[in-house]
Amino acid sequence: MTNFESKIRTIEWVNNCSRMVDQTKFPYEFNYVDIKTGDEMYDAIKTMIVRGAPAIGIAGAHGVVLYAQELAKKGLSLNEFKSELLKKADYIVSSRPTAVNLYWAVEKQKEIIKSYEGDIKDLIKTLTDNGKRLELEDIEINKKIGDNGAQIVPKGATILTHCNAGALATVGYGTALGVVRSAFANDPTVKVFADETRPRQQGARITTLELVMDGIPVTLITDGMCSYFMKKGMIDMVCVGADRIAANGDAANKIGTYTVAIAAKYHNIPFYVAAPLSTIDISIKTGDEIVIEERSHDEVTIINDKKICADGVNIINPGFDVTPNELISGIITEKGILRPNYTDSIAKLFK
Ligand code: MRU
């Protein structure tokens, strides 16, 4: 097992509320904010105070508990309480459509609610305990992903990553950056190239911040530079996270990931996706079925409160793209590394 200890805890249930790092303020501030109501949690996910597929999964599970605490004050019968809470749970899931982890974690809470018979206070305690359990499980899963992935990182490798699939996208440790952390623990000559990741700049604002905090060497590049460095032989492997992986291995991740995968294929560089099993959605056959979140046009047109383009220009801002399975060398999970043919390797894992 890895001996790397990351200093970062992204989200935690504390004193009947959800404490999370406010990721909208990076890199200027590293502050925690307490989310105290279900509606506040919906907004925190939507506005990306918390972001990253596994982290928003935990946020969703916490959000259900927050709504439960509020509904408990209304004097409802158990059946009324359950029915209202299930509606609130679905509302939370609607905050961000692409990352399946949000749906997955809220569904775990819904299963408890649906089958519960007893008093409301105990139900809230059961949901709270389940949220805390999912938190700890997330860190353990990430460490396993990290250790499995570290085995295929060449000595002294430079790993290119896109967006932030790190401790700050999970409860702690990270998926793609979990692989980096575990590899770095064994070999301190491992280093990272981080794409800046337009338009929200998760690479520049978040990946560089958490790697610098943990003392892991990182070089920031702009999104258009990856092929240049690949051609120069300066990238040994690519490792990214995922928001939803279809049953055939097609993987949705932050917009721009597909471009990186094509460039990696052209330059014969291995391209890995690191993700927990909760990111694999076996209910969809291919990536064509993944709903891609369309985000605010301001993310594209405004930088640092200043408009950067002509008034009246057309804007399209999909938050994610889907990398076809044939560009993916392996999917690193807590249960090992899946290899093509993914339809078979994924089906075998979920049997
Ligand atoms: O829009 P974001 O910042 O939530 O998108 C995050 C990503 O695309 C991550 O790469 C993905 O969620 C994997 S996180 C371990």
Side-chain angles (χ1 to χ4, degrees), residues 6 8 10-11 20-24 26 44-60 95-105 138-139 141-146 149 159-181 192 194-207 209-210 223 238-245 251-261 271-281 287 290-296 299-300 317-323 328 331-334:
S6 171
I8 298 159
T10 302
I11 180 166
M20 57 178 68
V21 180
D22 181 351
Q23 305 203 23
T24 59
F26 291 160
I45 298 171
K46 184 114 191 146
T47 61
M48 295 170 68
I49 288 174
V50 60
R51 36 68 50 199
I56 62 175
I58 302 303
S95 56
R96 291 199 77 188
T98 303
V100 71
N101 310 64
L102 175 56
Y103 168 85
W104 176 89
D138 185 66
I139 298 175
I141 287 172
N142 290 338
K143 287 188 172 173
K144 284 185 187 149
I145 291 172
I159 305 170
L160 175 73
T161 193
H162 189 77
C163 192
N164 172 262
L168 287 160
T170 61
V171 178
Y173 208 73
T175 54
L177 295 190
V179 173
V180 167
R181 286 192 166 88
V192 173
D195 282 346
E196 71 169 334
T197 318
R198 272 287 281 154
R200 294 283 298 217
Q201 278 144 333
Q202 289 94 330
R205 294 189 307 111
I206 309 177
T207 293
L209 181 73
E210 71 167 75
D223 292 348
V238 178
C239 190
V240 297
D243 289 81
R244 194 181 292 244
I245 300 173
N253 193 48
K254 183 51 54 192
I255 191 77
T257 304
Y258 180 25
T259 311
V260 177
F271 178 96
Y272 285 94
V273 172
L277 296 191
S278 55
T279 303
I280 303 178
D281 182 357
I290 298 175
V291 176
I292 301 294
E293 178 182 9
E294 174 71 24
R295 294 197 55 87
S296 162
E299 291 183 350
V300 177
N317 184 20
F320 301 90
D321 56 27
V322 177
T323 299
I328 301 172
I331 300 174
I332 306 166
T333 76
E334 67 272 32

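For clarity, every value in this text was computed on a predicted model and none was experimentally measured. Order of appearance sets the numbers: ligands from 1, and atoms from 1 within every ligand.
Closest protein heavy atom to atom 10 (O) of ligand 1: Asn253 OD1, 2.6 Å. Looking from atom 7 (C) of ligand 1 to the surrounding protein, the closest heavy atom is Asp243 OD1, 3.3 Å. Counting only heavy atoms of the protein, atom 15 (C) of ligand 1 lies nearest to Thr175 OG1, 3.0 Å. Nearest non-hydrogen protein atom to atom 14 (S) of ligand 1 is Ala169 CB, 3.5 Å.
Proximity annotation for atom 1 (O) of ligand 1: of Arg51, Arg295, Lys254, Lys254 comes nearest, heavy atoms only.
Taking any N or O of Ala165, backbone or side chain, none lies under 3.5 Å from an N or O belonging to ligand 1.
Assignment of Val240 to the shell around ligand 1 is not supported, since no heavy atom sits closer than 4.0 Å. Contact between Pro54 and ligand 1 is present, with at least one heavy atom of the residue lying under 4.0 Å from the ligand. Using a 4.0 angstrom heavy-atom cutoff, Met48 counts as in contact with ligand 1.
Contact annotation for Ala242 and ligand 1: only backbone heavy atoms (N, CA, C, O) come within less than 4.0 Å of the ligand. In Arg96, the part holding a heavy atom less than 4.0 Å from any atom of ligand 1 is the side chain. Proximity of Thr257 to ligand 1, defined as any heavy-atom pair under 4.0 Å, is not found for any part of the residue. With a 4.0 Å heavy-atom cut-off, ligand 1 is reached by no atom of His162.
Around OH of Tyr103, the count of heavy atoms belonging to other residues, nucleotides or ligands within 6.0 Å does not exceed 12. More than 12 heavy atoms of other residues, nucleotides or ligands sit less than 6.0 Å from atom OH of Tyr272.
Under 3.5 Å, the side chains of Arg205 and Asn164 contain no donor-acceptor pair of N or O atoms. Between the side chains of Asp195 and Thr197, no donor-acceptor pair of N or O atoms lies under 3.5 Å.
When side chains are defined from C-beta on, Arg181 counts as touching Glu210, because their heavy atoms get closer than 4.5 Å.
The two atoms that bring Gly174 and Asn142 nearest to each other are O-CB, 3.2 Å, heavy atoms only. Here the closest heavy-atom approach between residue Leu168 and residue Ile8 is recorded as CD2-CG2, 3.6 Å. Phe320 approaches Ile292 most closely through the heavy-atom pair O-CG2, 3.3 Å.
Less than 4.0 angstrom separates some heavy atom of Ala53 from each of these atoms of ligand 1: 12 (O), 14 (S).
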